Protein chains: 2
Amino acid sequence: MKRKITLKHIAKELEVSISTVSKALKNSEEISRDTKEKIQAFAKLYNYRPNNIAVSLKNKRTKNIGVIIPDIVHHFFTTVISGVEKEANSKGYNVIVCLSDESFDKEVINMEMLANGSIDGFIMSLSSETQQKKDYNHLKEVTDQGIPLVLFDRVTQSVDCDKVIIDDQLGAYEATKKLLNQGKRKIALITVDDYLSVGTERTKGFIRAHKDLGIPYLEKNILKMPTMEMEEGIIREFLTKADYDAIICVNEIFAVFGMKVAKETGKKIPQDVSVIGFTDGLLSKYANPSLTAIAQHGELMGETAARMLIKRIEDESDDEFPFQTKILQPTLIERDSTIN
Amino acid sequence: MKRKITLKHIAKELEVSISTVSKALKNSEEISRDTKEKIQAFAKLYNYRPNNIAVSLKNKRTKNIGVIIPDIVHHFFTTVISGVEKEANSKGYNVIVCLSDESFDKEVINMEMLANGSIDGFIMSLSSETQQKKDYNHLKEVTDQGIPLVLFDRVTQSVDCDKVIIDDQLGAYEATKKLLNQGKRKIALITVDDYLSVGTERTKGFIRAHKDLGIPYLEKNILKMPTMEMEEGIIREFLTKADYDAIICVNEIFAVFGMKVAKETGKKIPQDVSVIGFTDGLLSKYANPSLTAIAQHGELMGETAARMLIKRIEDESDDEFPFQTKILQPTLIERDSTIN
DNA sequence: TTGTAAGCGTTATCAA
DNA sequence: TTGATAACGCTTACAA
């Protein structure tokens, strides 16, 4: 077993001091060419690499970014990680991923754990429990300590930090408007309870589109699911009883399932019922018929969040620049579940 | 901005030595009750938390696990991460996720980066490029340094380490047998090129099932895709020309798409054509008709890998126990794309 | 019962 | 041009 080699080993072997080795490997002007060459050759031969931990302790920079997300199974979060990874890696950062599992406690624990020196900054999306409790002390603790934080997608007004969101209201607005313009008058909306920021916004957009076009929306056609978790029974019951000619859903799983129930009850898609879902993931693409979707651009969101965070981390100036909220534009991807 | 408090601060404030503080916070018997209480109260008040980096440097233990996977968009890898996270967190470890993007170079870079002290061990699945090149020096370097490594799913014989795989051959074998037993005689197999370990194994299982039942398999009904990436054109062309009464695919994306093409050409599923896919993900569950799938138990795989790794990491005994390869059993989940 | 000092692997300042 | 030393924050053997 080849043990990892350190500056000390090289120094002893070549009978120079540790600091000479350190400088030589940094190609410092202070060291003579001969010595540098000798040391560099030796280091290369033994494949020397500085120990990240020691460097971190010294510099108080870990080059790690902590990402905390509610779950990893929803395609959207996956794409965000992918974007964060990409941007972070290109700037020499690693990504530590923690899952809160939609639990407040796990979110707090993970945050505390990482905040004790493991990372230079956080990128996170709030767990549903956190949004429900409206308890953001753990976030404030972290920002108080001067650790940069970027919230994305599920954010809160109560914490001062950089944010990246998509214009959820606009996404819902445009989807709704499209359907209304095509003559749909009985649109069903399957959304989530208002404590989830995305639920509120999307519902707002839905209502606003109706108002703007002077068409009444049907209160009883709005279903607010308790969480983003699939509960087939609730959706099935709702759609069985409701009178609708279109469905808009807060995520693609609900949408695909809604489509299924509609078909089961003899409705044709998109002729009888048009369906649009949030999140443009694999499900939407490969559903049958393929699903018209509101793309949330998760990868871009991740990249943007990472870029903002790294800028904050690497900002040397003492006068802090003000926090920003970047709002990305959703895109309607038209497929076969709506009339084009 | 509240700066992070250290032992030094507490020591100075309470006019004791740093080691007294350290011991008091560890509830050491050496320290008097009075002193301990005073110190603990102060630490609590100021919310003292030891700096992970300093502890890591001292103990040569980071409590971080590095996970390197080819991509994060395939549902299977996502579930593996989820399993690793779960097991790791429960044992006090964080998970650092790196994506190789199926690239050999990125795999090497990520590994080197993490190997320099950032993690206590690796869990990884080989990138396709690595399996193609058959160059595993980066893995050997790491194991030579005594860093534990657990390979999962895409593994290689060439590296001595713990491994977790599912019995891919068996999965394909059983799926094939089921179809043959139902009278299907013209099964099409959409797999991947042999350089990917999973491709080889699944093809073997397909062929073995035919042999065991004494039924000839159709060489021309086997399509080997260049990678796991979707290339609609290739699959569409293949299925358009082929004469088949069932399809088995190496992943659910291929399967769902295969189903689509079959339907487009007027075939009924499952009456005319039965379809089975590897990976039991969201796509399979919500496809229409829902897809019979060979579950790879990604979450269990992740948990198992993490458990094996942590055992290795925490093993104190000098006589190393031999490397293990755990083989998980796939499960056939029957849905509507096959006759039950 | 408390404190001193060495050490983990680096970097950086200052002295030789 | 090189080296000794202190420092990052913590742990621990040993001394007081």
Side-chain angles (χ1 to χ4, degrees), chain A residues 3-40 42-43 46-64 113-120 145-147, chain B residues 3-40 42-43 46-64 113-120 145-147:
Chain A
R3 289 225 22 78
K4 266 258 150 193
I5 191 174
T6 69
L7 292 184
K8 207 183 192 174
H9 297 134
I10 302 183
K12 196 190 314 177
E13 207 61 39
L14 300 183
E15 295 180 305
V16 290
S17 78
I18 294 178
S19 55
T20 302
V21 179
S22 174
K23 286 170 190 162
L25 292 176
K26 291 208 139 46
N27 232 324
S28 159
E29 291 301 324
E30 289 180 23
I31 308 297
S32 74
R33 230 167 56 110
D34 273 11
T35 317
K36 278 201 283 195
E37 275 172 7
K38 188 178 63 177
I39 292 177
Q40 288 173 359
F42 188 92
Y46 286 94
N47 198 26
Y48 168 80
R49 290 289 135 74
N51 178 311
N52 293 332
I53 298 291
V55 175
S56 293
L57 184 60
K58 189 94 249 276
N59 306 341
K60 303 181 152 227
R61 282 283 164 86
T62 62
K63 285 273 181 179
N64 286 155
M113 185 145 217
L114 296 182
N116 300 318
S118 299
I119 49 88
D120 295 337
Q145 283 171 31
I147 302 177
Chain B
R3 289 224 20 80
K4 265 261 151 191
I5 190 173
T6 69
L7 292 184
K8 207 183 192 174
H9 297 135
I10 303 183
K12 198 193 309 179
E13 207 62 37
L14 299 184
E15 296 179 306
V16 290
S17 77
I18 293 179
S19 61
T20 303
V21 178
S22 174
K23 287 171 191 163
L25 292 176
K26 290 207 138 46
N27 232 324
S28 159
E29 291 301 323
E30 290 180 22
I31 308 297
S32 74
R33 233 167 55 110
D34 273 11
T35 318
K36 278 200 282 195
E37 276 172 7
K38 188 178 64 177
I39 293 176
Q40 289 173 0
F42 188 92
Y46 286 94
N47 197 25
Y48 169 79
R49 290 288 137 75
N51 178 310
N52 293 331
I53 297 291
V55 175
S56 293
L57 184 58
K58 186 94 250 271
N59 305 341
K60 303 179 152 230
R61 282 284 163 86
T62 63
K63 285 271 179 180
N64 285 156
M113 186 147 219
L114 295 183
N116 300 318
S118 298
I119 49 88
D120 296 337
Q145 282 170 33
I147 303 178

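Labels below follow one simple rule: chain letters A, B, ... track the order of the sequence lines, proteins then strands, and each chain is numbered from 1. None of the values given here were measured: they were computed from a predicted structure.
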Handout entry: Nucleotide C:dT11, atom P - distance to CD of A:E30 in whole Å
Key = 14 Å
Practice task
Quickly work out the B:N59 CG to C:dG7 P distance and round it to whole Å.
Solution key: 17 Å
Completion exercise
Of D:dC10, D:dC8, C:dG9, the nucleotide closest to the side chain of A:K60 is D:dC8
Exercise for the section: Specify the closest pair of heavy atoms between A:A24 and A:I39, including all atoms of both residues, with the distance to one decimal. Expected result: CB-CD1, 3.6 Å
Exercise for the section: May I ask you to evaluate whether B:K23 reaches the phosphate of C:dT2, defined as a side-chain N or O under 4.0 Å from OP1 or OP2? Expected result: no
Practice task
Compare all side-chain heavy atoms of B:K60 with those of A:I53 and state whether any distance is below 4.5 angstrom.
Solution key: no
Practice task
State whether the side chain of A:K36 and the backbone N or O of A:S28 hold a donor-acceptor pair below 3.5 Å, judged by distance alone.
Solution key: yes
Problem - Under 4.0 angstrom between B:Y48 side-chain N/O and D:dG9 OP1 or OP2 - result: no
Problem - Any B:S32 side-chain nitrogen or oxygen under 4.0 Å from OP1 or OP2 of C:dT2 - result: yes
Problem - B:K8 side-chain N/O to D:dC8 phosphate OP1/OP2 under 4.0 Å - result: yes
Practice task
In whole angstrom, give the distance that lies between atom CD1 of A:I5 and atom P of C:dC8.
Solution key: 15 Å
Problem - Base of D:dG3 paired with side chain of A:S19 (donor-acceptor, under 3.5 Å) - result: yes
Fill in the blank from the handout: Separation of C:dT10 atom C1' from A:R49 atom CZ, nearest Å, is 16 Å
Exercise for the section: Check the distance between C:dT10's P and A:L57's CG and give it to me in whole angstrom. Expected result: 12 Å
Practice task
Kindly say if A:S17 contacts the phosphate of D:dG3, meaning a side-chain N or O under 4.0 Å from OP1 or OP2.
Solution key: yes
Handout entry: N/O (side chain, A:T35) to phosphate O (OP1/OP2, D:dT2) under 4.0 Å
Key = yes
Handout entry: A:V55 side chain, from C-beta outward: closest of D:dT12, C:dT2, C:dT10
Key = C:dT10
Problem - Any donor-acceptor N/O pair, A:S56 side chain to A:N52 backbone, under 3.5 Å - result: yes
Completion exercise
Atom CD1 of B:I39 and atom P of C:dT1 are separated, to the nearest Å, by 13 Å
Completion exercise
Here the distance between atom P of D:dC10 and atom CD1 of A:I53, to the nearest Å, is 14 Å
Practice task
Using only side-chain N and O atoms of A:K58, determine if any of them is under 4.0 Å from OP1 or OP2 of C:dG9.
Solution key: no
Problem - Where A:V21 and A:L7 come nearest, the two heavy atoms and their spacing - result: CG1-CD2, 3.7 Å
Problem - B:N52 CG to D:dT11 P, straight-line distance once rounded to whole Å - result: 11 Å
Practice task
Kindly say if B:S22 contacts the phosphate of D:dT11, meaning a side-chain N or O under 4.0 Å from OP1 or OP2.
Solution key: yes
Problem - Side chain of A:T20 - closest among D:dT2, D:dT11, D:dC8 - result: D:dT2
